[in-house]
Enquirer: 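Supplied in C-alpha cells, the structure appears directly below.
Since this is a predicted model, take the numbers as computed values, not measurements. Chain letters run A, B, ... following the sequence lines, proteins first, then strands; residues in each count from 1.
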2 protein chains.
Amino acid sequence: MAATIKDIAQRTGLSLGTISKYLNGGKVREKNRLQIEKAIKELDFHINELARGLKTSQSKTIGIIIPLLDNYFCMNLMSYAEKYLSAFGYSVIVCNYREDPEVEKEKISLLTQRQVDGFIIVPSGETVDEIRDLCGRLPVVLVDRLLPDVECDAVVINNAEISFQVVETLIKRGHRRIAIICGPKRMTTARERLDGYLTAFSKYRLEADRQFIRFSDYYLESGYRICGELLDLPLPPTAIFATNYDITLGVIRRVNEAGLRIPEDLSLIGFDNLPFFQVLTSEFSIVTQPMEEMGEKAAQLLVDRLNGRSAAARVISLKAELVMKHSVS
Amino acid sequence: MAATIKDIAQRTGLSLGTISKYLNGGKVREKNRLQIEKAIKELDFHINELARGLKTSQSKTIGIIIPLLDNYFCMNLMSYAEKYLSAFGYSVIVCNYREDPEVEKEKISLLTQRQVDGFIIVPSGETVDEIRDLCGRLPVVLVDRLLPDVECDAVVINNAEISFQVVETLIKRGHRRIAIICGPKRMTTARERLDGYLTAFSKYRLEADRQFIRFSDYYLESGYRICGELLDLPLPPTAIFATNYDITLGVIRRVNEAGLRIPEDLSLIGFDNLPFFQVLTSEFSIVTQPMEEMGEKAAQLLVDRLNGRSAAARVISLKAELVMKHSVS
DNA sequence: ATGCCAACATGAAACGTTTCATTTTTTGAA
DNA sequence: TTCAAAAAATGAAACGTTTCATGTTGGCAT
C-alpha cells in the first residue's frame, strides 16, 4: 500500500542504491536530487524503519523498564530520558512491570525480541541474573538502584549522605526519637538511607531505637499505616523521616487525621515532588532528588555507550538536596 | 551474532517453514517440537520482531503522543493504556511533544516511519490537518480533546456537564463572584468547561462577569499568576474554579502566600489527582477525571479497531465526578 | 579530440522472518 | 498389506531496506 523505495526508483528512473544513498545523506547529482524529492512528495513516501532496522541491525529504539508508571519519580525520569534520547534519533518503548519481578523478566525478554538498542532500567532487585546476562549483550543503564555483582553503567544518588544530613539536622534541633520509614529491605536505596540514619546516630553517640526503624513498600498506604503504628507507641517519635514521595503523603494524611500539627506536634522530613510541597502550609523540609538530571544522565550514559565511547562501567552518583521549606523560590 | 531461525533449522535438521510454524503456534510433530525447544534453549534464540514485522507489516507497536510527560493526567493515561495494550501483545512507543505543535507533527511522522499499528493522541489542537490525514491511514484514538472535522474514535469527559455542576454547587451555596481559570481557548476542553460555567449562570439568571473568566495555559505558574490578578481585583471573587491540576496547585500556592484561608476567605474547587488532595487540610472539593478508565477505554477502542471490529467512529464520553472533601475514603 | 580520474550510479545479495504451493510422511479403514 | 486422505514438512519467494563491488558518466588537462 504505502510507497517504498522501489516506487521512488521506478518513478525517477534511478536505481535503488541511489535512492538509498540520498535517504542516508549521501551525494547525489543535483537533477536526481530534485527528481527524488519530487517523487517523495508526490508518493508521500516514508522510509520503513522496520526494514532499515533489519538491515542495519539497529532499531534506534531504547527500552525503558520501570516499576511504576503513575509515579512522580518514574515519570520525571522518563520525561527527561525521552527528551535526550529523541535528540539522538532514538525512540522510547516504555514498559511498566508494576513491581512484579516476573513481569519485569518478561519485559526484558520482550524488548530483546524487539531488538532495542539499549535499556534504561529501574530494577526490582529480584532479577539480578537476568540483568547481568543482559548487560553482557547490550548497553544497559541502571537507575536509582544498583544490583550486586552487576557491572554496568548506573545513575544513583548519594543516599547515605543525604540521609545522614537529614538525621543530623534533626538531631541538632534536639530530636532524639527520630523515626525513619524506609522502602523494601532488599533495595540498595532503602539500605543506604538507613545507613545514613545509623551513621548520624553513632556520630552523635546516640543509641538508635529499633522500633523507630521501619521498612515498607513505597506506597502511600504503607506510609499511612506505619505512621499510625509509630504514633501509637508509648513514646512516639518527635520526628519522622519519610524516604519517598508516596510514603510522605501517607504520613501527612495520617498526621492530619490524628489532629497533629506539623511541626508543632511532630517534625517531618519528606521526599521528592517540589511543586507539591511548595503548596503546603505546614512547615517541613524535604529531600529532592535531581530527577531531571538523573533521566538526562542515564540517557547520556546510554548514548555514549551506543556510540562506542566509554569502556568500563560508570556509576554516576548525583547529589540529592535537603530543601528547607520557604527557602525555595 | 544472535541466533536466528536458520540456526534453529540447521541444528534440528528441520526447515525454516517448520520452525516458523512452531513459533507461531502451529502444529508440529512431537519429536520435532522437543528438538526445536531444545535448540531454542541452547542457542538462547529470540525471535527478531523487526524481521517479523517487516514480513507481516504489523509492528505490534502503538504510538502514544502526549503534550507532556511529567504530568499526572498523561502519566495515568499512559499507565493504563500500556497495561491494556500489552495484554494484547502491543508495545508502546511514547512521544512527548512538549506542547509544541511542530514537534507533534514530527512525532507523528516519526511514528509513521516506525510503522506503528495505531495511535493514541492527546492533540495540541493545532495539527488538525495532519491528524485528519493520519486517521485515513491508520487507527487513531484521540483522548481528552476532539478536533474539528476529524472523524475518529475518541475518549473525552463530560466537561460542560461537570463544570455546570461545579458552578451550580457554588451558586447554591450563595456564591455570586465565581471565577473560572480555563486552559487555552483553542482547546475544546477549555471551551466546554466554560460553557458549563455560563450555562449555570444563565440557569440561575445571573450575569457572568467577564473579568472572572480567564484563559491560560495548563501550568502551575499561570494558576499562580492569574489567581494573583483575581485577588487584586477591587471586588475579588469569593470562589475560584481551577480547571486542571497544575492550575489548582498554582492557585493554592498564591492563596497561601496571600495569607487567605480556604474555605473561610475563599472557596476553591480544583481538579485531578486525588492522592494529593486527600492530604490537604483545607476544605475544598475537586473534580476527578476517571483517568484509569480513560486510558483503558482508549486502548480498548484502538484494539477493537485493529481487530477490524467497529466501523463508524466512536466517541466515548466518560463521567468526571465532583468529590467533596472528606467524602472520599 | 583524447584519455583519465573522480564522482556518481547500478544492481544483486543480504538482513530474519512468513507464506504458500508442493511434496513427503503418517494414519487408519478396507 | 494397500491406498487414499489427512497431517506435517519443505523450500523458494517476498517484505523494504542497505551495502558494496562494479559500471558509467562528466569534466578537465593535454
Enquirer: What is the distance, to the nearest angstrom, from the CD atom on A:Gln58 to the P atom on C:dA14?
Expert: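 About 21 Å, once rounded to whole Å.
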Enquirer: Across the strands shown, which category fits A:Thr4 at heavy-atom distances under 4.0 angstrom: base, sugar-phosphate, nothing?
Expert: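 Sugar-phosphate, backbone atoms only, no base.
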Enquirer: Calculate the interatomic distance between B:Gln113 atom CD and D:dT17 atom C1'; express it in whole Å.
Expert: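 After rounding, the gap between these two atoms is 13 Å.
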Enquirer: Which nucleotide in the list D:dT10, C:dT10, C:dG16 gets nearest to the side chain of B:Thr18?
Expert: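 The answer is D:dT10, which lies nearest to the side chain.
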Enquirer: Between atom CG in A:Asn24 and atom P in D:dT19, what is the gap in whole Å?
Expert: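 Rounding to the nearest Å, CG of A:Asn24 and P of D:dT19 are 7 Å apart.
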Enquirer: Round to the nearest Å and state the distance from A:Lys31 atom NZ to D:dG26 atom C1'.
Expert: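 In whole Å, D:dG26 C1' lies 11 Å from A:Lys31 NZ.
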Enquirer: A:Leu50 near the nucleic acid: base, sugar-phosphate alone, or nothing, with a heavy-atom cut-off under 4.0 Å?
Expert: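 Counting heavy atoms under 4.0 Å across all strands, no contact is made by A:Leu50.
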Enquirer: State whether the distance check finds a donor on one side and an acceptor on the other, under 3.5 Å, for side chain A:Lys55 versus base C:dA14.
Expert: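 Per atom types, the contact qualifies.
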Enquirer: Counting only heavy atoms not in A:Lys105, do more than 12 fall under 6.0 Å of its NZ?
Expert: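 Enclosed.
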Enquirer: Compare the minimum distances between each of C:dG16, D:dG11, C:dT17 and the side chain of B:Ile47, then state the nucleotide with the smallest one.
Expert: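 The listed nucleotide nearest to B:Ile47's side chain is C:dT17.
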Enquirer: Expressed in angstrom and rounded to an integer, what is the separation of A:Ile8 atom CD1 from D:dG16 atom C1'?
Expert: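 Atom-to-atom, A:Ile8 to D:dG16, this comes out as 12 Å.
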Enquirer: Roughly how many Å is it from NZ in B:Lys27 to C1' in D:dA9, rounded to a whole number?
Expert: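 Distance, rounded to whole Å: 15 Å.
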Enquirer: How about B:Phe88 and B:Tyr84: are their ring centroids closer than 6.0 Å?
Expert: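 Between B:Tyr84 and B:Phe88, which both carry aromatic rings, the centre distance is below 6.0 Å.
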Enquirer: With DNA chain C as reference, determine whether A:Lys21 or A:Leu16 sits nearer its 5' end, using the nearest nucleotide of each.
Expert: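 It is A:Lys21, whose closest nucleotide lies nearer the 5' terminus.
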Enquirer: Contact class for A:Leu14 (heavy atom, under 4.0 Å): base, sugar-phosphate, or nothing?
Expert: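 Here A:Leu14 touches the backbone only, sparing every base.
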Enquirer: Could you state the CZ-C1' distance from B:Arg29 to C:dT27, rounded to the nearest angstrom?
Expert: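 Roughly 11 Å, once rounded to whole Å.
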Enquirer: Taking atom P of C:dA9 as reference, at what distance in whole Å does atom CD of A:Gln35 sit?
Expert: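 Taking atom P of C:dA9 as the reference, CD of A:Gln35 is at 11 Å.
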Enquirer: Of the options D:dG16, C:dC15, C:dT18, whose atoms approach the side-chain atoms of A:Asn48 most closely?
Expert: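 In terms of side-chain proximity for A:Asn48, the closest of D:dG16, C:dC15, C:dT18 is D:dG16.
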Enquirer: Hey, which of these two, B:Gly17 or A:Thr56, hits DNA chain D nearer its 5' end, going by closest nucleotide?
Expert: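 Closer to the 5' end of DNA chain D: B:Gly17.
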Enquirer: Is the phosphate of D:dT18, meaning OP1 or OP2, less than 4.0 Å from a side-chain N or O of A:Arg52?
Expert: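 Checking A:Arg52 against D:dT18: at least one side-chain N or O falls below 4.0 Å of OP1 or OP2.
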Enquirer: Does a nitrogen or oxygen in the side chain of B:Asn32 sit under 4.0 Å from OP1 or OP2 of D:dA8?
Expert: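 No, no such contact exists.
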Enquirer: Quick one: label B:Phe45 by what it contacts on the DNA or RNA (base, sugar-phosphate, nothing), any heavy atom closer than 4.0 Å.
Expert: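 The answer is sugar-phosphate, as B:Phe45 gets under 4.0 Å only of primed atoms, P, OP1 or OP2.
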Enquirer: So, is B:Ser57 close to the D:dC15 phosphate, meaning a side-chain N or O under 4.0 Å from OP1 or OP2?
Expert: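 So the side chain of B:Ser57 is outside the cut-off, no N or O lying under 4.0 Å from OP1 or OP2 of D:dC15.
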Enquirer: Tell me whether the OP1 or OP2 atom of C:dT17 has a side-chain N or O from B:Ser20 closer than 4.0 Å.
Expert: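 So the side chain of B:Ser20 is outside the cut-off, no N or O lying under 4.0 Å from OP1 or OP2 of C:dT17.
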Enquirer: Between A:Arg98 and A:Glu106, does any NZ, NE, NH1 or NH2 come within less than 4.0 Å of an OD or OE carboxylate oxygen?
Expert: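 Salt bridge flag = no for A:Arg98 with A:Glu106.
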Enquirer: Considering residues, nucleotides and ligands other than A:Glu42, do more than 12 of their heavy atoms fall under 6.0 Å from its CD?
Expert: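 For A:Glu42, atom CD is crowded (more than 12 foreign heavy atoms under 6.0 Å).
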Enquirer: Centre of B:Tyr90's six-membered ring, under 6.0 Å away, within 45 degrees of the axis: is that where NZ or CZ of B:Lys60 sits?
Expert: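 The answer is yes; both the distance and angle limits are met.
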Enquirer: Is it true that atom CD of A:Glu37 has more than 12 heavy atoms of other residues, nucleotides or ligands lying nearer than 6.0 Å?
Expert: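 Yes, because the 6.0 Å sphere around CD of A:Glu37 holds more than 12 heavy atoms from other groups.
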